[in-house]
A.B. asks: 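Here's a structure for you.
All residue numbers in this chain count up from 1 along the given sequence.
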Amino acid sequence: MPVGDARWSEQPLCDEYSPGAPAAEDILGKKVTVDHMPNEPQTVKAGTSFADLFEASLAQQDKVKEGEIVNGIVLRVTKDNVVVDIGFKSEGVIALSEFAGPVGEITVKPGDKVDVLVESREDDNGLVLLSKEKADKMKVWDEISAACEREEVIEGTISQRVKGGLSVTIKGGVKAFLPGSQVDLRPIRNLDKLIGQTYTFKVIKFNKKRGNIVLSRRVLLEKERDEMKSVTLKTLQEGQVVKGTIKNITEYGAFVDLGGIDGLLHITDMTYGRLSHPEEMFKVGDEVQVKVLKYNPDTERVSLGLKQTQEDPWTLTEKKYAKGTKVKGKVVSIPNQNYGAFIELEPGVEGLVHISELSWSKRIKHPRDLLKEGDEVECVVIEVDAANRRISLSIKDLEPKPWVLFVNEFSPGMKISGKVRSITDYGIFIGIRDGVDGMVHKSDLSWTLKVNNPADLFRKNDDVEAIILSINHDEEKVSLGIKQLHDDPWNRIPNDYPPGKEVAVKFLSQFEGGVYVALDPGVEALIPSHELSADMEGKKLKRFDDLSAHVMNLDIADKRILLTQRAGAATAAKAAAESSRTESPEGTPKVRHSAPPPAAASTTKRAGTLGDLIKEKLGDQLADVVKTDKDK
């Protein structure tokens, strides 16, 4: 049959040549389109022979060149491969894995159109060697090149951290490099947290030959910031309340992005309450509403405040915390300087409990001895100064004042007992009851001793008794006396303790100048250190130990009794006689001390001088001692 016979058009040869092509009656004299061919549609004139069609087909196949991207149609999908027809004499096979999506899903199906790269027109099996993956990459490189030239942005996902920055996967799986300095406006310490994030980037360096692509995100952020900044600066003014985002946190505050311009929210302007670190209130990315406190257009510095958008809690403190009100709070601070503890009554309102307001009775050296941070305590308001934001509190006022209890129970003339709490140069303090001490002046310690240093006679925590001499209600002071426990013994001392008399005494205390002893209750004496016996040196005595001595001298004017352990009765008497008078320039005896009190003189017929008393008491014995001494 001739090739040009009209019956040829009725044969299904066109179908064998190209599956899915139009019927023969549609070819002759009409426009025929081969959908799966990569070239433009062909027009077949009526009467065209098969040879002409075959030659046209060969010409079409010659256009399929290796290394070029052509369009094809998926014929079928198998378990591992995808068969694609590109209009060549044989189909091409592509691995199914090349059609996998971002998460590994396979969506390709027969009839889909795909762009593929012709790697080889014919392999060992007579099939066309195609690659979809390489075609995608070549297309991406072209798109990237075009984007770079037009300064357009591209989208990519940060895939991993590499030396000097991050690796970004862009369209088609192409890898690009993102330097660490181009990640953000500020350096980011932890780049790993960005892995998996998708952003838009600008291509700042491109080399297709070397396969080198360098991206920048910072360039886009700077541009965006500048645009937002120009808008923000037009409306920004002091006193304005604006919204922003926490951008960075330091120990002294937080930087807030107001829209292209950052403002500093200082830690002192975050809350009226106590705050150790801004991270206790905020984290990066938090949205906040703040007030513009200061704005300098020249330097573009902005100071912000958060607490200024809230009501000041101190405006109602005078009404809420009136004097005498009992309140509860939490110990929030105890300064190292031991002046007290700060109690938070409510957020932004704190009061100070001074160390003197902690206890009536306990001697507290530091507030930490009684309190610790975090303790819940109850206090009494003793003063409010809202203007200076100060509230004075007291813990001890929760209990009855010891002074009030004391004056209701005691009065002058009453006898008290207690322990020596402290000793000073001018006296001793005795604890009468918790929170109330009385002072015994050194002149009221003894009738018979001249006490220069009370510590020579008493020790801390000694148990003592005393008489209340007076009560000062205004200054809340109590004067005590120990010697007033007994009547003045000097009316009887010259008779009871004449010089030379041997006496049994009780040890009281020892100091550098000698030993204090007690002859009787209320009658104390001194044994000077040079008058102590040899066996007393280095001897440790306890209070009220028994000792023996002789009366050496009675000093009525200064009201002192001196004893000795080194001489007998005769020697003591002699020493007393010599010490009771001194020689005048004319050689006549001169009385050293005044006479005994008139009461004593009126009840006896003795002479008024100490020498006369000694002479009358010892009589001839004293005369013999004086005579023997002169003969020597």
Side-chain angles (χ1 to χ4, degrees), residues 241 246 249-254 264-283 286 288-291 293 303-405 434-435 476:
V241 177
I246 301 295
I249 298 176
T250 66
E251 61 182 14
Y252 57 84
L264 174 61
L265 175 60
H266 197 270
I267 187 173
T268 57
D269 293 312
M270 291 182 177
T271 176
Y272 286 105
R274 187 177 292 268
L275 189 65
S276 300
H277 197 283
E279 289 181 346
E280 296 178 11
M281 285 188 66
F282 304 108
K283 62 180 182 294
D286 285 351
V288 292
Q289 192 170 28
V290 292
K291 186 175 184 179
L293 303 180
S303 297
L304 305 174
L306 177 62
K307 71 180 184 181
Q308 287 78 4
T309 63
Q310 306 164 359
E311 184 180 4
D312 188 350
W314 280 91
T315 55
L316 301 176
T317 51
E318 290 186 342
K319 293 182 179 179
K320 192 173 182 179
Y321 303 105
K323 184 177 180 179
T325 305
K326 288 186 179 181
V327 294
K328 290 183 178 180
K330 182 175 70 174
V331 179
V332 292
S333 177
I334 303 177
N336 292 330
Q337 301 85 354
N338 59 342
Y339 59 82
F342 288 95
I343 313 296
E344 184 183 57
L345 304 180
E346 63 177 270
V349 178
E350 295 178 6
L352 173 65
V353 179
H354 193 268
I355 189 171
S356 61
E357 296 294 334
L358 291 175
S359 175
W360 291 110
S361 57
K362 294 180 181 179
R363 303 299 184 190
I364 299 174
K365 295 182 178 179
H366 197 284
R368 295 186 187 277
D369 297 339
L370 190 65
L371 302 172
K372 63 179 183 295
E373 293 178 358
D375 284 350
E376 296 287 340
V377 295
E378 188 175 13
C379 309
V380 175
V381 178
I382 57 179
E383 185 180 359
V384 179
D385 185 357
N388 294 313
R389 297 176 178 267
R390 293 179 180 177
I391 296 179
S392 298
L393 304 173
S394 175
I395 292 179
K396 70 180 185 181
D397 282 350
L398 292 170
E399 302 174 355
K401 191 174 184 179
W403 178 260
V404 177
L405 300 178
D434 288 344
E476 298 184 359

A.B. asks: Please list, chain by chain and in numerical order, all residues satisfying side chain to side chain donor-acceptor pair (under 3.5 Å) with K372, sequence neighbours excluded.
C.D. replies: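 Scan of K372 (side chain to side chain donor-acceptor pair (under 3.5 Å), adjacent residues dropped) gives D375.
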
A.B. asks: Among all residues two or more places apart in sequence or in another chain, which pass the side-chain contact (heavy atoms from CB on, under 4.5 Å) test with L264?
C.D. replies: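 L264 satisfies side-chain contact (heavy atoms from CB on, under 4.5 Å) with Y252, F255 only.
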
A.B. asks: Does any pair with a residue in residues 326-339 pass salt bridge (charged side-chain N to carboxylate O under 4.0 Å, His left out), and if so which ones, sequence neighbours excluded?
C.D. replies: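 Listed once each, the pairs would be none.
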
A.B. asks: Does H266 have any side chain to side chain donor-acceptor pair (under 3.5 Å) partners at least two apart in sequence or in another chain, and if so, which?
C.D. replies: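 Result, side chain to side chain donor-acceptor pair (under 3.5 Å) vs H266: T268.
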
A.B. asks: Show me the pairs that pass salt bridge (charged side-chain N to carboxylate O under 4.0 Å, His left out) and involve residues 380-390, at least two apart or across chains.
C.D. replies: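 Sorted pair list: D312-R389.
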
A.B. asks: Quick one: list whatever passes ring-ring contact (aromatic ring centres under 6.0 Å, His included) with W360, sequence neighbours left out.
C.D. replies: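 Listed in chain order: nothing, the list is empty.
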
A.B. asks: Show me the pairs that pass salt bridge (charged side-chain N to carboxylate O under 4.0 Å, His left out) and involve residues 332-359, at least two apart or across chains.
C.D. replies: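 Non-adjacent pairs meeting salt bridge (charged side-chain N to carboxylate O under 4.0 Å, His left out): R274-E350, K320-E346.
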
A.B. asks: Tell me, please, which residues at least two apart from D397 pass salt bridge (Lys or Arg N to Asp or Glu O under 4.0 Å).
C.D. replies: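 Checked D397 against salt bridge (Lys or Arg N to Asp or Glu O under 4.0 Å); zero matches.
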
A.B. asks: Restricting to side chain to side chain donor-acceptor pair (under 3.5 Å), what partner residues turn up for Y272, sequence neighbours left out?
C.D. replies: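 Y272 satisfies side chain to side chain donor-acceptor pair (under 3.5 Å) with no residue once adjacent residues are dropped.
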
A.B. asks: Apply side-chain contact (heavy atoms from CB on, under 4.5 Å) to L370 and list each qualifying residue two or more places apart in sequence or on a separate chain.
C.D. replies: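 L358, K362, I364.
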
A.B. asks: Identify, with sequence neighbours excluded, every residue that meets side-chain contact (heavy atoms from CB on, under 4.5 Å) alongside P335.
C.D. replies: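 Partners of P335 by the side-chain contact (heavy atoms from CB on, under 4.5 Å) criterion, ordered by chain and then number, come out as S333, Q337, Y339, F342.
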
A.B. asks: Taking only residues two or more places apart in sequence, or in another chain, which ones meet N338 in a side chain to side chain donor-acceptor pair (under 3.5 Å)?
C.D. replies: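 Side chain to side chain donor-acceptor pair (under 3.5 Å) check on N338 returns nothing, list empty.
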
